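Read the structure below first, then the notes.
Source: prediction; values computed, not measured.
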There are 2 protein chains.
Amino acid sequence: MSMMGQSISIGELARRADCKPETVRYYERIGLLRDATRTGGGQRRYGEDAVRRLTFIRHARDFGFSVESVRELLAMSDQPDMSCQEVDAIATHHLKKVESRLRRLSALREELQRMVTQCAGGKVESCRIIEVISDHQLCVTENSHGGAHDLG
Amino acid sequence: MSMMGQSISIGELARRADCKPETVRYYERIGLLRDATRTGGGQRRYGEDAVRRLTFIRHARDFGFSVESVRELLAMSDQPDMSCQEVDAIATHHLKKVESRLRRLSALREELQRMVTQCAGGKVESCRIIEVISDHQLCVTENSHGGAHDLG
DNA sequence: GTAAACCTTGTAGCAACTACAGCTTCAAGC
DNA sequence: GCTTGAAGCTGTAGTTGCTACAAGGTTTAC
């Protein structure tokens, strides 16, 4: 059932999943995609299943799931009879991270807003922005930023 | 005026700015911190000015400013006579990024929340989470996620 | 039959650190 | 003055998730 219809080139696959051939090869290398069938000349050829799988991966990455999480999700979706507790756990964990990040980012926005509005446009000497960055004490929201790191 | 009071070791400096010695050496290497005075045996010794500078850097990084932005901010704060227009521009630009990111992250949270709540806890086969990730059509908020990339 | 467009592998680069390994120096106690 | 253990040194490699070459080989359309 999988011998026929392997006619999609890597470029077409990439286009259909909205990414680049390099990314596809990368996913193959790290084992997210299975090794593709090859033409006599050694080029990769894919079927529709690969399009679905890659689309899943890209979409999950878009959602902010780490590659390791995607790997787990794929493993689970490969076993449809299994209970989806673990799937739920991964998604819930991810949701928690997103929420915490959202809180910190939102505090950061307030601080930046405050900084920008308070800066009178004078000399650096009296610039609130530099002051706020220099002096943590001036922060309204303590322990609230720390914000540009990756989600798990 | 800067020959005296160079008595802080790299470890102490790192502790006082809440980072690691490796990070300090890294900042020196990329030119965010000036080369430190050395003891006869070659160890780095710092003064209070270094503590302030490193604290500024860490704080700005914490705020989500990229190292390149921090570099610009440092260059500006080193020249107190300069107008703070540029500082303001960087902060405003940053604010814009934070806001756009906040929107995307917030949409992402909704999607994840929806996924998690709709998951009935049955088999993977019928798992809403897997379904939503598989099928872009099922997304409520189009083009809204894509969320874990760095702020400029 | 040829040319363009595509594909191949392998390697190096990005950000912003972090983590060794293998050695040297410093500071404190005795 | 000596020992000992913590801390410091350099240099290099690893992290994450790709992206971008270089130097060739293959396909396909005309």
Query raised in the report: Are any of A/S9's side-chain N or O atoms less than 4.0 Å away from OP1 or OP2 of D/dT27?
Result: no
Requested in this report: Assign B/R38 to base, sugar-phosphate, or nothing according to its heavy-atom contacts below 4.0 angstrom with the strands shown.
Outcome: sugar-phosphate
**Report entry** Closest-nucleotide ordering on DNA chain D, the 5'-leading residue of A/G40 and A/K20
**Finding:** A/K20
Query raised in the report: Does the A/H94 side chain pair with the main chain of A/F63, one donor and one acceptor, at a distance under 3.5 Å?
Result: yes
Requested in this report: Starting from C1' on D/dG17, measure out to CG on A/L33 and report it in whole angstrom.
Outcome: 14 Å
Requested in this report: Inspect the contact between B/E99 and B/K96 and indicate whether a charged nitrogen and a carboxylate oxygen are less than 4.0 angstrom apart.
Outcome: no
Report task. Indicate yes or no for a side-chain donor-acceptor contact from A/R61 to the backbone of A/F65 under 3.5 Å, with no hydrogens or angles considered. Result -> yes
Report summary line: Of A/R29 and A/I10, the one whose nearest nucleotide on DNA chain C sits closer to the 5' end is A/I10
Query raised in the report: Would you call B/E131 and B/R128 a salt bridge, taking side-chain N to carboxylate O under 4.0 Å as the test?
Result: yes
Query - A/Y27 vs D/dG17: side-chain N/O to OP1/OP2 distance below 4.0 Å - result: no
Requested in this report: Check whether any side-chain nitrogen or oxygen of A/R44 sits under 4.0 Å from OP1 or OP2 of C/dT9, and answer yes or no.
Outcome: yes
**Report entry** Euclidean distance, atom CD of residue B/E12 to atom P of C/dC26 [Å, nearest integer]
**Finding:** 16 Å
Query raised in the report: To the nearest angstrom, how far is A/D18 atom CG from D/dT19 atom C1'?
Result: 15 Å
Query - Residue-phosphate contact under 4.0 Å: A/T23 side-chain N/O, D/dG17 OP1/OP2 - result: no
**Report entry** Proximity to the side chain of A/R25 - top-ranked nucleotide from C/dC17, D/dT27, C/dT8
**Finding:** C/dT8
Query - For atom CZ of A/R15 and atom P of C/dA5, their distance in whole Å - result: 13 Å
**Report entry** Protein-nucleotide distance (A/R61, atom CZ; D/dC18, atom C1'), rounded to Å
**Finding:** 9 Å
**Report entry** Atom-to-atom span, CG of B/L13 to P of D/dG8 - whole angstrom
**Finding:** 10 Å
Requested in this report: Kindly point out which of D/dC9, C/dT18, D/dT28 is positioned nearest to the side chain of A/R45?
Outcome: D/dT28
**Report entry** Proximity to the side chain of A/Q43 - top-ranked nucleotide from D/dC18, C/dA16, C/dC6
**Finding:** C/dC6
Query raised in the report: Would you say D/dT16 has OP1 or OP2 under 4.0 Å from some side-chain N or O of A/Y26?
Result: no
Requested in this report: Would you please confirm or rule out a distance under 4.0 Å between OP1 or OP2 of C/dC17 and any side-chain N or O of B/R58?
Outcome: yes
Requested in this report: Rounded off to whole Å, could you give me the CD1-to-P distance for the B/I30 and C/dC14 pair?
Outcome: 12 Å
Query raised in the report: With a 4.0 Å cut-off, would you call A/R71 and A/E68 a salt bridge?
Result: yes
Requested in this report: Kindly say whether A/L32 contributes a backbone atom to a donor-acceptor pair with the side chain of A/R53 at under 3.5 angstrom?
Outcome: yes
Query raised in the report: Phosphate oxygens OP1/OP2 of D/dG8: is one of them under 4.0 Å from a side-chain N or O of B/T39?
Result: no
Report summary line: note: B/L32, atom CG; C/dA16, atom P; distance rounded to Å ~ 10 Å
